[in-house]
Amino acid sequence: MAVGRCDASRSGTGQGVPRVARRRRSRPARRRRHGVAGGGLAVAGGRLRGTAGRVPWAAAARTLLVYAGDDAYVLPADHPGVRVTPGRNLAAEARDDVTFDVPVSDGMRLTGAAPAGTVRAEAALLTAAALTGALETAVEHTRQHVTTREQFGRPLLAFQAVGQTLARMTSHTLLAGTALDAALAGPDPLRVAAARVLTGRAATLVARGAHQLHGAMGVTREHPLHLSTRRLWSWRDENGTQQFWARTLGAALVPRGSVGVWSWLTDEETDS
């Protein structure tokens, strides 16, 4: 697991800002003080070893919060034995690899920290929110394009195949937004998993449809579509892939049987 705070305002034009972020604008972020890293890390022989991959803006962090299993540790980013390898995702956002080989001391242990699974779910919820914002922006760009662009004397939207593609993009985006709202309404990790599955699936479908309907225009730097679609392609695999969250959701719901799953979907109590 590699988790970091992601500021959507870094996109330059604000493309992909999730709905929940639009409601409350924060002050411009200063240099990152903390990153969170985990997964692939273990403590053995009194040393913390391993690599946390694709940590957001780890190179800009001053302090690292590290999970090895459910044990949390805090150490300076410039601690001896910590090596940060800068990297970028497809959207050109910083995603750095952090390698650890440091002796564990009592001063590094963080007591009372949330379990790693809780931190992972919270990070996944933020990712789902960011994906939903990027989905909405990509769909709106596409709607404007097919409404105003004409071919053979009529708008592109008048062609059945174009209308069907836009309708499919819109329905998946609305479904993703509904799942996000449900996950935001209560502390249910399974609803977070469902939101990540649906936003990840929608990211693939919407990005593909948007570029199909924009044609060559949509792949240019001058057109703003790529500010959304490159983030969709990047964020859909962050803080747990769609497949990871689908397995998590399935493992929890399949043992409940059809009645239990229906109860979970509808928030209804069952007698069984």
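The residues of the chain are indexed from 1 along the displayed sequence. This is a predicted model, so every value here is computed, not measured.
- With salt bridges taken as basic N to acidic carboxylate O contacts below 4.0 Å, none links D96 and R54.
- Side-chain atoms of D101 do not come within 3.5 Å of backbone N or O of R49 as any donor-acceptor pair.
- Side-chain atoms of F100 and V66, non-hydrogen and from C-beta on, do get closer than 4.5 Å to each other.
- The two atoms that bring A91 and S234 nearest to each other are N-OG, 3.2 Å, heavy atoms only.
- Side-chain atoms of R256 never come within 3.5 Å of backbone atoms of G260 as a donor-acceptor pair (strictly under, hydrogens ignored).
- With hydrogens and angles disregarded, no donor-acceptor distance shorter than 3.5 Å links the side chain of T127 to the backbone of N239.
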Would you mind writing out the side-chain donor-acceptor pairs for residues 166-176 within the sub-3.5 Å range, not counting sequence neighbours?
unit_1 : atom_1 : unit_2 : atom_2 : d
T170   : OG1    : L166   : O      : 2.8
S171   : OG     : A167   : O      : 3.2
S171   : OG     : R168   : O      : 2.9
T173   : OG1    : M169   : O      : 2.9

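- The pair E93-R95 meets the salt-bridge criterion, since a charged nitrogen lies less than 4.0 angstrom from a carboxylate oxygen.
- Note: the hydrophobic cluster containing M217 does not contain L225 (ILVMFWY, side chain heavy atoms under 4.5 Å, direct or indirect links).
- Contact check for T147 versus P155: no side-chain heavy atoms found under the 4.5 Å cut-off.
- For the pair A72 and A113, the tightest heavy-atom approach, listed with the atom from each and the gap, is CB-CB, 3.7 Å.
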(message) Go through it in stages, so that I can follow the logic: the residues are D97 and V55, the test is side-chain contact (heavy atoms from CB on, under 4.5 Å), and I'd like the CA-CA distance, side-chain angles, deciding distance and then a yes or no.
(response) CA-CA 6 Å; D97 293 341; V55 180; over 6 Å; no
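- Taking OG1 of T132 as the start and CG of L232 as the end, the distance is 9.5 Å to the nearest 0.5 Å.
- Between T63 and P76, the closest side-chain pair of non-hydrogen atoms is not below 4.5 Å.
- A continuous path of hydrophobic side-chain contacts links L75 to V43 [ILVMFWY only; heavy atoms under 4.5 Å].
- Criterion: ILVMFWY side-chain heavy atoms under 4.5 Å apart, direct or through other members. Under it, V197 and V192 are not part of a common hydrophobic cluster.
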(request) I would like to know whether V104 and R47 meet side-chain contact (heavy atoms from CB on, under 4.5 Å); could you show each step before the answer? (result) CA-CA 5 Å; V104 175; R47 299 185 71 86; 5.8 Å; no
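- When all heavy atoms are compared, the tightest approach of H141 to S228 is CD2-OG, 4.5 Å.
- With rounding to the nearest 0.5 Å, the separation of CG in L157 from OG1 in T148 is 10.5 Å.
- Distance check, rounded to the nearest 0.5 Å: OG1 of T229 to NE2 of H226 gives 8.0 Å.
- Heavy atoms only, all atoms of each residue included: L249 and A193 are closest at CD1-CB, 4.2 Å.
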(message) One pair to check against side-chain contact (heavy atoms from CB on, under 4.5 Å): T85 and R83. What are the steps and the verdict?
(response) CA-CA 7 Å; T85 304; R83 185 177 74 254; 4.3 Å; yes
(request) Could you please spell out the steps behind the side-chain contact (heavy atoms from CB on, under 4.5 Å) verdict for F159 and R154? (result) CA-CA 9 Å; F159 294 92; R154 33 180 202 158; 3.3 Å; yes
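- Y73 does not carry R109 over the face of its six-membered ring by the limits of under 6.0 Å from the centre and within 45° of the normal.
- Closest of all the heavy-atom pairs between A183 and L125 is CB-CD1, 3.7 Å.
- Annotation: ring-ring contact (aromatic ring centres under 6.0 Å, His included) contacts involving residues 189-214, sequence neighbours excluded, comprise H145-H214, H211-W233, H214-H223.
- Atoms CZ and CG, on F244 and D237 in that order, are 13.0 Å from each other to the nearest 0.5 Å.
- Counting non-hydrogen atoms of neighbouring residues, nucleotides and ligands closer than 6.0 angstrom, the CD atom of Q160 reaches no more than 12 such neighbours.
- A heavy-atom distance below 4.5 Å is found between the side chains of L190 and L253.
- Contact of the L64 side chain with the V98 side chain is registered, since non-hydrogen atoms from C-beta on lie closer than 4.5 Å.
- A side-chain donor from one of T99 and T51 sits under 3.5 Å from a side-chain acceptor of the other.
- T199 and R236 share no side-chain donor-acceptor pair at under 3.5 Å.
- Under the salt bridge (Lys or Arg N to Asp or Glu O under 4.0 Å) criterion, the residue pairs touching residues 185-198 are D188-R191, R191-D267, with sequence neighbours excluded.
- Between atom CE of residue M108 and atom CG of residue L48 there is a gap of 6.0 Å, rounded to the nearest 0.5 Å.
- Atom CG in L131 sits 11.5 Å away from atom CG in L198 (nearest 0.5 Å).
- In the hydrophobic clustering of this structure, W245 does not group with L126; members are Ile, Leu, Val, Met, Phe, Trp, Tyr whose side-chain heavy atoms approach within less than 4.5 Å, directly or through other members.
- One hydrophobic cluster, built from ILVMFWY side chains closer than 4.5 Å, holds both V146 and L205.
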